[in-house]
Protein chains: 2
Amino acid sequence: MKPELILVIEDDAAILFGLRDNLQRAGYEVRSAGDGHQGLELARTVRPDLVLLDLMLPGLSGHEVCRRIRVDGLEMPVVMLTALGEEAQVVRGLNLGADDYVTKPFGIGELMARIAALLRRHRRVTPDVVTIGSLEVDRGARRVSREGVEIELTPKEYGLLEFFTRKSGRALTREQILDAVWGDSAAVTDRSVDRAVTTLRSKIEENPNRPTLIQTVPQVGYRFES
Amino acid sequence: MKPELILVIEDDAAILFGLRDNLQRAGYEVRSAGDGHQGLELARTVRPDLVLLDLMLPGLSGHEVCRRIRVDGLEMPVVMLTALGEEAQVVRGLNLGADDYVTKPFGIGELMARIAALLRRHRRVTPDVVTIGSLEVDRGARRVSREGVEIELTPKEYGLLEFFTRKSGRALTREQILDAVWGDSAAVTDRSVDRAVTTLRSKIEENPNRPTLIQTVPQVGYRFES
DNA sequence: CTCCGTTGTTACCACCTGATGACGCTCAAA
DNA sequence: TTTGAGCGTCATCAGGTGGTAACAACGGAG
């Protein structure tokens, strides 16, 4: 099993050092950022398994980083680090989609246990390799195969498929798909979603004319079988 | 939307009363138990959406209750309530599968926010599905089925049915239905509602000639059974 | 019993939506 | 510079969808 990747967004170098040290000793891989913008960028690109997020940050605030992470559809657990006596802040953070918070100064044992609990719960919900019918999607290795033979997908095709696996069983609007797979930066028509779905179907469906994995939901978008 | 059900397992009557009061005011439905055995029994039978669990309990300890809940494969979030200065206990609790803990005395606002956050996260994974008699409407997947067999609906039919499920039990005028399902943009006669209801009935009613799910309310419109 | 307003049902067809082949732009590798 | 893969857009086409109309059925009022 690949070690789990934790992103620490924290501007206090001493605390960051302590966290990094403890996390690595516990077997996690660690990336870190010193301000909000850089942290958000890393969260988007390296897709950590969990984010440790200081509330007071230069650049974007911790709240804003958390909110944008959720807006982007990223689902990893987020743990807020706050100073004492900020209950109001905490409430706000939790409402923005944070999963937990820990008050500084914190017991390192407690923090590690919380992290382990969140990762365990999250893993239960999103396993690394997903099997739908005879199709196998290995999110860890970024590989797709059917009956052992690998299916080559382009980056966009894979991104679309991975998004589908994370939202399997739910009807997804083209807009949701665009936001998640293309990102809000790209100015793209939702016809492009259709196009991408067609090519993806041609590669992963047994019979692309009668798709079973990716269903069209008329007037809405698509649904991936669960 | 049905209110979410929270099970509180707590032996201190004063704290229990306060929790119950706050939870109900926040719109949750509350069940409670005063000892571990009874609490576990309730968790198994009523399947609450979340469990608030005191650590010190007569009968089974909070830890034991939590462990058995997980052993049983129940996946609802569990929040532990602990007294101050029990970090070791907390670590143990989190490792047993608790999702969070709160230290007494706690700020009620913080507790409520944590509860809301956990429910939100958990709900993201379990789509909301409504059951009327033997009919099952999965709003997340945009699917309808009866006894496991899927019923294919056109977009308009589904939109109409979903609207009905959201307003079930109330008589709805054709105008209300038009506004909600067709949108004010479309200039459509209210005979179209009749027609849509007819086709919908033909698909979802056991006996379309004697409708039970969608009742006609003469001179007004229709009512969906609740 | 008859008339009339309301609702159910069926047939028809204009329009829209989604699938897909073709094309061209961009970017990176050779 | 060339080449080719990736990908977004466009045009076209087939099939489904749903609105309208026309008629049937129903039920209440007089």
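Throughout, a chain's letter reflects where its sequence line sits, starting with A, and its residues are numbered from 1.
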Using a cut-off of under 3.5 Å, enumerate the N/O to N/O pairs linking the protein to nucleotides 21-25 of chain C.
unit_1, atom_1, unit_2, atom_2, d
C/dG21, N7, A/Arg195, NH2, 3.1
C/dG21, O6, A/Arg195, NE, 2.9

Output side-chain donor-acceptor pairs under 3.5 Å for residues 31-40 of chain A, partner residues at least two apart or in another chain, one line each.
unit_1, atom_1, unit_2, atom_2, d
A/Ser32, OG, A/Arg20, NH2, 2.7
A/Asp35, OD1, A/His37, N, 2.9
A/Asp35, OD1, A/Gln38, N, 3.0

| message | Reading DNA chain D in the 5' to 3' direction, which nucleotide is the first one with an atom under 4.0 Å from a heavy atom of chain B, and which is the last? | response | D/dT17 to D/dT20
| Which pairs count as ring-ring contact (aromatic ring centres under 6.0 Å, His included) when at least one residue sits in residues 187-207 of chain A, sequence neighbours excluded? | none
| With B/Asn207 via side chain to side chain contact (heavy atoms under 4.5 Å, CB included) - residues at least two apart | B/Asn209, B/Arg210
| Of all of residues 200-226 of chain A, which get a heavy atom below 4.0 angstrom from DNA chain D, listed by number? | none
| task | Report the distance from atom CG of B/Asp190 to atom P of C/dT6, rounded to the nearest whole Å. | result | 10 Å
| All ring pair (Phe, Tyr, Trp, His ring centres under 6.0 Å) counterparts of A/Tyr222, not counting sequence neighbours | none
| task | Kindly write out the residues that satisfy side chain to side chain contact (heavy atoms under 4.5 Å, CB included) with A/Asp190, not counting sequence neighbours, or none if the list is empty. | result | A/Arg174, A/Leu178
| request: For the pair B/Thr173 (side chain) and B/Gln176 (backbone), establish whether a donor and an acceptor sit closer than 3.5 Å, ignoring hydrogens and angles. | output: yes
| query | Do B/Arg191 and C/dG8 share a donor-acceptor pair, side chain to base, under 3.5 Å? | reply | yes
| message | Between A/Glu136 and A/Arg146, does any side-chain N to carboxylate O distance fall below 4.0 Å? | response | no
| note | Contacts of A/Gln24 meeting side-chain hydrogen bond (donor to acceptor under 3.5 Å, both in side chains) (sequence neighbours excluded), chain-then-number -> none
| side chain to side chain donor-acceptor pair (under 3.5 Å) assessment of B/Glu205 paired with B/Thr212 | CA-CA 7 Å; B/Glu205 292 280 1; B/Thr212 58; 3.2 Å; yes
| note | In short, ring-ring contact (aromatic ring centres under 6.0 Å, His included) pairs touching residues 128-164 of chain B with sequence neighbours left out are B/Phe164-B/Phe224
| request: Quick one: list whatever passes side chain to side chain contact (heavy atoms under 4.5 Å, CB included) with A/Lys203, sequence neighbours left out. | output: A/Ile151, A/Leu153, A/Thr154, A/Glu157
| field | Side-chain ion pair, B/Arg142 and B/Asp138, N-O less than 4.0 Å | value | no
| message | Can you list, in residue-number order, the parts of residues 149-161 of chain A that come under 4.0 Å of DNA chain D, counting heavy atoms only? | response | A/Thr154, A/Pro155, A/Lys156
| said: Could you tell me if the side chain of B/Thr165 sits less than 4.5 Å from the side chain of B/Arg139, heavy atoms only? | reply: yes
